[in-house]
Colleague: 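Have a look at the structure that comes next, please.
Hydrogens, waters and symmetry mates play no part in the numbers below; they use all other heavy atoms, side chains included.
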Amino acid sequence: MIIGRLRQWLSLLVCVLALILLKSEGASVGITYLQDAVAKGAVCLDGSPPAYHFDKGSGAGVDNWIVHMEGGGWCEDVPTCLSRKNTDLGSSKQMVKQFGFSGLLSGQQKSNPDFYNWNRIKVRYCDGSSFTGDAVDRANNLFFKGNSIWEFIIADLLAKGMRNAKNAILSGCSAGGLASILHCDRFRALLPASTKVKCISDAGFFLHAQDVSGGKHIEEFYGKVARLHGSVKNLPASCTSRMGARPELCFFPQYVVQTMQTPIFFVNSAYDSWQIKNILAPSAADKSKAWKSCKLDLKKCTAAQLKTIQDFRTQFLSALNRAGVVNSPSKGMFIDSCYAHCQVGKQIQWSSDSSPVVSNMKIAKAVGDWYYERSPIKKLDCPYPCNPTCPKVDSDS
């Protein structure tokens, strides 16, 4: 009985501590369902309304806006989309009602000094196409309406005051980070010319590269996504017009960023854990599972595998360079060597005592300095495993 009560008290203590931590981050923000979007066809995979979490700005930040798009991969065929349909990545019915805001979205001045009092919105992701889709599969009752969702949400936010924004940022993580690239110039065009508009892509620069078997797994994957969702017509025309018969390749940022007009900042690992697991060494290209341990922990990689990973980093940095990121004055970057995926939304990586440091700077400081043009930011880390400030476990786990 004593042990049982002790467990109850410990459970209660854990809950209380979690609530205190949440409160200290400014954190729990309620969900807003956009019911009117249903009549416009701007719906999740299952036909439910899109949703976001909105923490209103205050004081000097009342006319400043951050629209941050959630990540969560993609679905490339009917079976994978059906498997998402009844999860929070395919239905707003399954989404949590409260969401903790942290990192870039934190409402605490100490941890997020440049953006804490802005209007901060987290757009939930439920379409599986990085907000690019425009199709319906009536036979399977699947709605591929990502682009319509994006347009409806932006229109809704403009009506709620974003049309008067002095400063505005479109950001996102992973699939949302890709969306922040694909929709960046459109976002700029929807806001007044007087608004200072920039974009931030966190772990969204997915590389067009061969896998360890010499195959084109990620190219084929994105091609399937584009065809299923009817995405091509919603990819940036500045890119698709140059790609001839392969417009779906504009899912890859290295081809889009070259012609972008809006300033953009890239937060990415040169050893992005999702990309190493799913672009470089996907299970389909590793039938013998020789890469299984290496993908879980880079310390367990063989010398040959580490050489392949270092070569992947070289390809990634080359793609950034060819896209104009390194030399463009309007573009910024914070490229660390951590085995990580998505870093701006977590306080521990954004600006805490445990955050990764590159050239004596943390991510929060780098992003703020770039946005406010206090200094040009082109931070590039040394090759793995040189950075002792990286988290011990990859942020994708």
Colleague: Compare all side-chain heavy atoms of Glu248 with those of Tyr222 and state whether any distance is below 4.5 angstrom.
Modeller: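 Of all side-chain heavy-atom pairs linking Tyr222 with Glu248, none is under 4.5 Å.
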Colleague: Would you say the side-chain atoms of Ser106 and Asn112 include a donor-acceptor pair closer than 3.5 Å?
Modeller: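 Side-chain D/A pair, Ser106 to Asn112: absent.
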Colleague: Charged N to carboxylate O below 4.0 Å: is that the case for Lys40 and Asp36?
Modeller: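 Here Lys40 does not pair with Asp36 in a salt bridge, since their nearest N and O are not under 4.0 Å apart.
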Colleague: Between His208 and Tyr255, how do the two ring planes meet: parallel, tilted or perpendicular, split at 30° and 60°?
Modeller: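 Ring orientation, 0 to 90° scale: perpendicular.
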Colleague: Where does the angle between the aromatic ring planes of His53 and Phe99 fall among parallel (under 30°), tilted (30 to 60°) and perpendicular (over 60°)?
Modeller: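 His53 and Phe99: tilted rings.
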Colleague: Just by distance, do the side chain of Gln305 and the backbone of Cys294 share a donor-acceptor pair under 3.5 Å?
Modeller: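 No.
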Colleague: Any carboxylate oxygen within less than 4.0 angstrom of a Lys/Arg side-chain nitrogen, looking at Arg124 and Asp88?
Modeller: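 Yes.
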Colleague: Give a yes or no on whether Lys233 atom NZ has more than 12 heavy-atom contacts from other residues, nucleotides or ligands under 6.0 Å away.
Modeller: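 More than 12 within 6.0 Å, yes.
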Colleague: Assert yes or no for the condition that the ring centre distance of Phe54 to Trp65 is strictly below 6.0 Å.
Modeller: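 So the answer is yes for these two rings.
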Colleague: Measuring only between side-chain heavy atoms, which start at C-beta, is Cys81 closer than 4.5 Å to Phe144?
Modeller: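 SC-SC contact between Cys81 and Phe144 confirmed.
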Colleague: May I ask you to decide if the ring planes of Tyr372 and Phe115 are parallel, tilted or perpendicular, using 30° and 60° as cut-offs?
Modeller: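 Parallel, since the angle between the ring planes stays under 30°.
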Colleague: Are Trp118 and Leu104 close enough that some pair of their side-chain heavy atoms sits under 4.5 Å apart?
Modeller: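 Answer no - side chains too far apart.
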Colleague: Is it the case that the ring center of Tyr271 lies less than 6.0 angstrom away from the ring center of Phe312?
Modeller: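 Phe312 vs Tyr271: aromatic centres not under 6.0 Å.
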Colleague: Would Phe316 and Phe205 satisfy ring pair (Phe, Tyr, Trp, His ring centres under 6.0 Å), going step by step from the backbone distance to the final call?
Modeller: CA-CA 9 Å; Phe316 177 80; Phe205 201 102; 5.7 Å; yes
Colleague: Would you verify whether the NZ or CZ of Lys196 falls within 45 degrees of the ring axis of Tyr371 while also being under 6.0 Å from that six-membered ring's centre?
Modeller: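 Ring-cation test returns yes.
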